[in-house]
Every structure is written in C-alpha cells, then in structure tokens.
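What follows is a single structure, written as structure tokens, with notes after it.
Residue numbers run from 1 in the order of the sequence given.
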Amino acid sequence: MGHVDFKVILGVLGNITAICLFASPIPTFINIVKKKSVGDYSGIPYVCTLLNCLLWVVYGLPVVEYQVLVVTINAAGCIIELIYLALYLKNAHKSIRMKVMKVLLAVLILFTLVTVIVLELIHDKKKRKLVIGTLCAVFAVGMYVSPLTVMRMVIRTRSVEYMPFLLSLFNFINGLVWFGYAFIGGLDIFIAIPNGLGALSGVAQLSLYAFYRNATPVVRDRDDVEKAKHMKPNTDSVYVQMGQNGHPPQSEANGAH
C-alpha cells in the first residue's frame with residue numbers, strides 16, 4: 001500500500017472523527033429548540049467555527065493546494081455551522097440575535113475580502129498557501145487551546161462534569177489522525193502544527209479525566225456555577241479542526257485542521 005493510499009485512509013478517518021465533533025452540539029440545540037430560548041449559550045463560537053471551516057475550504061481548493069478530504073469535511077462543517085446559527089438566531093432574543101448577526105456579517109465580509117485579495121494579488125500558489133495556511137493554523141490553534149479554560153475548571157473543582165470523556169477522546173483522535181495525515185506525501189506544517197497541539201490537548205484532557213473522574217468535587221460558589229454554564233463544551237472545532245469547535249468553549253473540530 002503506497003503512501004497516497006494510507007493518506008486517503010487517514011483523511012477519511014479524519015473526516016469521520018471531525019463529523020463526530022461537529023455533531024456534538026446537537027443535544028444542546030435540541031434543548032434550545034424545545035425551550036425556544038438560547039439561554040446562557042453564546043452564538044459567537046459558532047461564527048468563529050464557520051470562519052475556521054471557510055478558510056480551510058479555500059486552503060484545500062485547487063487555487064491554493066488541492067486536498068479533497070480537507071475540502072469535504074470543512075464544507076460539511078460550514079453547512080452544519082450554518083444550521084446551528086440559523087437555529088440559534090431563530091430562538092435568540094432580539095438583542096442577542098442582532099449582536100450575533102452583526103458579528104456574522106463582519107466575519108463573512110472579512111473572509112470575502114481576504115480571499116479576494118489573496119487570490120487577486122498573489123498568483124504564486126506557494127505564497128497563497130503560506131498566507132491562507134497561516135490564517136488557518138492560527139484559528140485552529142486558538143480553537144484547540146480553548147479547552148484550557150475547561151481544564152482549569154476541572155482542576156479547580158475536582159470535577160469532570162464539564163469535560164465529557166467522549167468529547168475529549170474524539171478531540172485526541174481527531175488531532176492525532178490529521179497530524180499523521182500532514183506528514184504523508186510531504187510535510188504540511190499548517191495542518192501538522194494545530195493538530196499536533198490538538199492531540200497533546202486531548203492527552204492532557206484524558207489525563208485529567210482519569211485523575212479526577214473519581215475525585216470528590218469541591219463545592220462551587222455561585223460564580224463557578226455561572227462560569228461553568230458558559231464553559232460547558234459542545235465542540236465544533238474540528239480543527240483542520242477544522243477544528244474543535246466552537247461552543248463554550250471546547251474546540252469544534254477543525255475539519256482538516
């Protein structure tokens with residue numbers, strides 16, 4: 001089996017794990033629809049994840065460097081995030097809806113401007129890859145780093161309530177698979193760096209889970225409870241990742257991140 005075949009296998013596995021991460025907020029949105037209210041959940045992480053996926057789609061297109069499996073998962077991520085945003089906006093209070101819509105509009109305008117400028121002014125594909133890849137990596141790293149806030153809460157409260165095991169496991173697997181993908185057929189540092197960090201983040205989360213899963217929780221004060229509400233992970237970020245992720249505050253995966 002050649003390295004190309006193995007890369008395809010890893011890419012398909014990465015698509016599967018990323019879809020699992022993208023799907024993790026579904027229970028949250030079922031609850032939102034039932035209550036007809038977004039409650040304390042923020043819509044901004046979904047906007048950030050959408051931007052992350054859009055950038056990775058451009059990165060995987062022939063105008064930069066054709067990588068079909070990077071395109072497929074992040075295109076799927078864009079569709080999923082748009083559905084989440086539609087449900088969020090439909091059930092949000094008017095003031096919250098307007099705030100999120102303004103941020104969404106600004107993000108879409110920014111993405112369009114960056115894409116047009118890069119494609120029109122930079123004709124060398126290697127330079128395009130450098131610019132778009134750097135933006136992708138920066139956003140993906142940010143999404144993979146976001147669980148640090150939850151990890152700090154786990155240590156502080158000695159409770160894994162807000163860091164589900166399966167979410168941490170899929171974060172680890174997703175990061176590891178795409179990290180391996182980046183090394184086959186030539187190193188792609190823009191995929192390798194954020195997903196390598198994502199895999200390490202997953203290891204840290206799983207280690208904390210193993211250490212604190214049977215620990216006696218510390219009684220939390222009201223502030224801790226309120227913070228935890230906003231931190232309860234619903235990853236989007238699937239980084240590539242892709243890209244972990246975007247709900248309070250674990251990464252949606254980076255599709256190909």
Side-chain angles (χ1 to χ4, degrees), residues 6 9-31 45-46 48-49 52-53 56 69-70 72-74 76-77 80-81 84 140-183 191-215 217 228 230-257:
F6 190 52
I9 291 173
L10 284 180
V12 171
L13 288 175
N15 273 238
I16 294 171
T17 57
I19 284 293
C20 291
L21 288 172
F22 280 130
S24 65
I26 289 177
T28 296
F29 279 93
I30 290 175
N31 189 47
Y46 303 96
C48 293
T49 302
N52 187 44
C53 290
W56 280 108
L69 292 170
V70 172
T72 54
I73 185 55
N74 285 286
I80 292 171
E81 295 307 314
Y84 289 155
V141 167
M143 295 181 74
Y144 266 134
V145 168
S146 63
L148 291 175
T149 309
V150 177
M151 292 166 66
R152 183 176 64 180
M153 178 64 74
V154 169
I155 295 171
R156 183 176 177 181
T157 64
R158 297 176 59 84
S159 171
V160 295
E161 178 183 0
Y162 296 99
M163 192 176 70
F165 172 76
L166 286 179
L167 189 56
S168 298
L169 178 62
F170 276 104
N171 271 328
F172 166 68
I173 295 174
N174 185 68
L176 186 63
V177 168
W178 284 108
F179 182 71
Y181 173 94
F183 279 85
I191 293 178
I193 292 175
N195 285 285
L197 292 175
L200 291 175
S201 174
V203 169
Q205 291 174 57
L206 292 171
S207 299
L208 280 179
Y209 188 92
F211 188 80
Y212 286 109
R213 66 189 180 93
N214 294 319
H230 292 280
M231 284 194 244
K232 195 164 186 177
N234 301 288
T235 242
D236 268 327
S237 266
V238 183
Y239 321 123
V240 223
Q241 284 183 87
M242 272 184 226
Q244 265 163 57
N245 0 240
H247 324 273
Q250 285 245 49
S251 64
E252 262 164 79
N254 171 344
H257 334 337

Using a 3.5 Å distance criterion without hydrogens, assess whether the side chain of [X] forms a donor-acceptor pair with backbone atoms of [Y].
X: Thr49; Y: Pro45; answer: yes
X: Asn15; Y: Gly11; answer: yes
X: Asn74; Y: Val70; answer: yes
X: Ser24; Y: Cys20; answer: no

* Got Ile73 and Phe22 here, is their nearest side-chain heavy-atom distance under 4.5 Å? ->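 Yes - at least one pair of side-chain heavy atoms lies under 4.5 Å apart.
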* Can you find a pair of side-chain heavy atoms, one from Thr72 and one from Leu69, that are under 4.5 Å apart? -> yes
How close do [X] and [Y] get, counting heavy atoms only, and between which atoms?
X: Ile155; Y: Tyr212; result: CG2-OH, 3.8 Å
X: Phe172; Y: Ala199; result: CD1-O, 3.3 Å
X: Asn52; Y: Ala140; result: OD1-N, 3.8 Å
X: Phe183; Y: Phe179; result: CD1-O, 3.1 Å
X: Phe29; Y: Tyr84; result: CE2-O, 3.1 Å
X: Ile19; Y: Ala76; result: CD1-CB, 4.1 Å

Distance check, rounded to the nearest 0.5 Å: [X] atom [atom1] versus [Y] atom [atom2]?
X: Leu13; Y: Trp178; atom1: CG; atom2: CH2; answer: 9.5 Å
X: Asn174; Y: Leu169; atom1: CG; atom2: CG; answer: 11.0 Å
X: Ser159; Y: Met153; atom1: OG; atom2: CE; answer: 10.0 Å

* Show your working on side-chain contact (heavy atoms from CB on, under 4.5 Å) between Thr17 and Leu21 and close with a plain yes or no. => CA-CA 6 Å; Thr17 57; Leu21 288 172; 5.7 Å; no
* Output, in order, the C-alpha distance, side-chain angles, deciding distance and verdict of side-chain contact (heavy atoms from CB on, under 4.5 Å) for Phe165 and Leu206. => CA-CA 7 Å; Phe165 172 76; Leu206 292 171; 3.7 Å; yes
* Test of ring centre spacing under 6.0 Å for Tyr181 and Phe6 ->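 Tyr181 vs Phe6: aromatic centres not under 6.0 Å.
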